[in-house]
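Only one structure is covered here, and it is reproduced in the block below.
Residue numbering restarts at 1 for every chain, and letters A, B, ... go by the order of the sequence lines.
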Protein chains: 2
Amino acid sequence: MAADNLPSSGNADFEKIDASFQMTVRDHVHRAMRSAIISGRFAPGQKINERHLAEQFGVSTTPIKEALRQLETEGLVEALPRRGVIIKFSSSWAEEMILARAALESMIAHLAAKRIDEKGRLELQSIAKHMKEATISGDPDSLITLNERFHDHIHRSSQCGYLAKLIERQQFYDASIRRVIHLDPTERQKALDEHVAIADAIAAGDADGAERTMRDHVVRSGDTYLSIIFKKEGEI
Amino acid sequence: MAADNLPSSGNADFEKIDASFQMTVRDHVHRAMRSAIISGRFAPGQKINERHLAEQFGVSTTPIKEALRQLETEGLVEALPRRGVIIKFSSSWAEEMILARAALESMIAHLAAKRIDEKGRLELQSIAKHMKEATISGDPDSLITLNERFHDHIHRSSQCGYLAKLIERQQFYDASIRRVIHLDPTERQKALDEHVAIADAIAAGDADGAERTMRDHVVRSGDTYLSIIFKKEGEI
DNA sequence: GTGTGAAACTTGATATATCAGATTTGAAAT
DNA sequence: ATTTCAAATCTGATATATCAAGTTTCACAC
C-alpha cells in the first residue's frame, strides 16, 4: 500500500542488476577455455599458443591474453615468462580443488550457522523439504537447481562475499556431469541425507556440526565426481 | 598528495617503471597494484581508470588490462562489463581473507601431518628450534624468514601444489607490516607457542591436532594484523 | 657424429589505433 | 526549476602493429 512517507525513495527494493549479463569476448573465451580444460580437452603440460587460439575463436589476441591471465590466477594454467602458458590441470589438481572447496565451504557453513536469521532458517528448511520431494520423484533437473539454491542460500546466510566468490572457482565439473550424478538413486539418497544434516545443523545454530557435515558432504560428493571423471577413487 | 596512512582513501602515485628492470611489466603492475590495494591506498568502491594507470606507470594499457584481470580473479577488484573496475577491498574483505587462509592452511596442515616423512619431520623441528632462539633474541628479520620457511615447509610436506598456490593469494599484508608485529614480545611469544604446537602435531602425525592448532594460529595472528592495519578488532 | 653459432623463424610482451557502450553536458521544452 | 534527449566526451573492449626473447634450423668446423 502507499505508505505515508515522503514521496520519492520508492519502497520496492529491487536487487541490483547483475552486470555479468553482458558477455564480453574475454569472458566467453575464459569460460570456454575453463570448460575445455576441466573436461580434459587439453593434456597436462600442453603448451597454449595465443595466436592459434585467437584464430580458433576468430578474435584478436587481446581478449585471449586477458582470459589466460584469469585462468592463470585460477591456477588452471601456468605462465612461464616469455615462454607462454601451459595447462596445469590433472586428477590431482581436481582432488585439491575438492579439498579447497571442502575447507572453504565448511568454513562458510560454520559462519552461516552463526549468522542465519529466522527468515533464512525457514527458507533453508523449505529448500531441504523440496529436495526430499525431488529425490523421491527423481527429477535430476530439479535436484540440480535445488542444489544450487541450497548452497547459494548458505553462502548468503554467511554474509561472506569474498569466500563465496572463492568457492565458485573450485568447481571442476559442469552441468552435464552433474546430471549424470543425480541419475543414480543411491547417490541421490546420500546427497539428500547430507543436505538434511547440514540444513539441520545450520538451522540449529550448531556451527561445528554444520562445518563437519558440510565438509564430509563436499569431500564425499567430490570423490564421486572424481571417480566418474577420472575413473578412479580419490582419497582425502 | 599521497596519503601515508594505511587504510585511507585517495589516489596512489606510482613511480614510472624502470625500463632496465627485467620482470614483465604486467607482473610489476600486478604486484604494485596489489600492494597498493591491500595497504589501503585506494578507497573501497573507487573506480580505476586504465588510461590514467597506464600513464602513471609509463606503459601502455595492454599490461595494465592483464594485471587488472589478475586482480579481478583474486577478488581484489570487481570488473563491471564495459564500465571498468572498482576496488573491492576493505576490512571485511581482509577478515574473509583470513578465514580463507585459516580454512586452507589448516587443511594443508592436516595433510602435511599425514604425509610428512622422517626427513621432513626433522627439518620441521629444526625450524621450530630456530624459532625459539630467534624469539628469545628478538630478531624480527630472522623471525620473518623463519616464519616463511615454516609455512613453506608445511606446504611442501603436504604435497599440495594447488592449495599452496591458493593460500599465497590470501595474504593481505606485506613485509613491512610483519616487521611491526614481530617487534612486540607478547606477540612473538604467542606466535612461538602456536608454531611449536603446530610442529609437534604435524611431527606426531596428529592430523586433527595440526588442523586445529593451525587454524587457531592463522585466525589469531590474522586478527592481530587486522587490528593493527584497520585499528579495530576482528572477530570470527 | 658432435658441437658451435649465426640467421631465420616463432611467439609472447608491449604499444598504438579503432570501435562502441556508458556517462556527461547543455540547450530546448515544459 | 525540472525533464528530455541528442551531441560531445570518456573509457573500456577489441583489433592491429611492433618489438624482443626464445626456439629452431642448418651450414660449418672439429
Considering all heavy atoms, the nearest B:Ala109-B:Met214 contact: CB-CB, 3.8 Å

Letter per nucleotide, 5' to 3', of nucleotides 5-12 of chain D [B base touched, S only sugar-phosphate touched, - untouched; heavy atoms, 4.0 Å]: ------BB

Pairs where residues 58-100 of chain B contributes a residue and the test ring-ring contact (aromatic ring centres under 6.0 Å, His included) is met, not counting sequence neighbours: A:Tyr162-B:Trp93

With sequence neighbours excluded, residues passing salt bridge (Lys or Arg N to Asp or Glu O under 4.0 Å) with A:Arg51: none

Sugar-phosphate only, base, or nothing, as touched by A:Thr62 at under 4.0 Å among non-hydrogen atoms: base

Sequence neighbours excluded, every pair satisfying salt bridge (Lys or Arg N to Asp or Glu O under 4.0 Å) that has a member inside residues 164-178 of chain B: B:Glu148-B:Arg178

Nucleotide D:dA13, atom C1' - distance to CD of A:Gln70 in whole Å: 13 Å

Results of side chain to side chain donor-acceptor pair (under 3.5 Å) for B:Gln171 - residues two or more places apart only: B:Tyr173

Listed once per pair and sorted, the salt bridge (Lys or Arg N to Asp or Glu O under 4.0 Å) pairs that draw on residues 68-80 of chain B, sequence neighbours left out: A:Glu66-B:Arg69, B:Arg34-B:Glu74, B:Arg69-B:Glu72, B:Glu78-B:Lys88

Of all pairs that satisfy salt bridge (Lys or Arg N to Asp or Glu O under 4.0 Å), the ones with a partner from residues 99-108 of chain A, not counting sequence neighbours: A:Arg101-A:Glu105

Span of DNA chain C, from the first to the last nucleotide whose atoms fall under 4.0 Å of chain B heavy atoms: C:dA13 to C:dT23

Sequence neighbours excluded - ring-ring contact (aromatic ring centres under 6.0 Å, His included) pairs with any residue from residues 30-74 of chain A: none

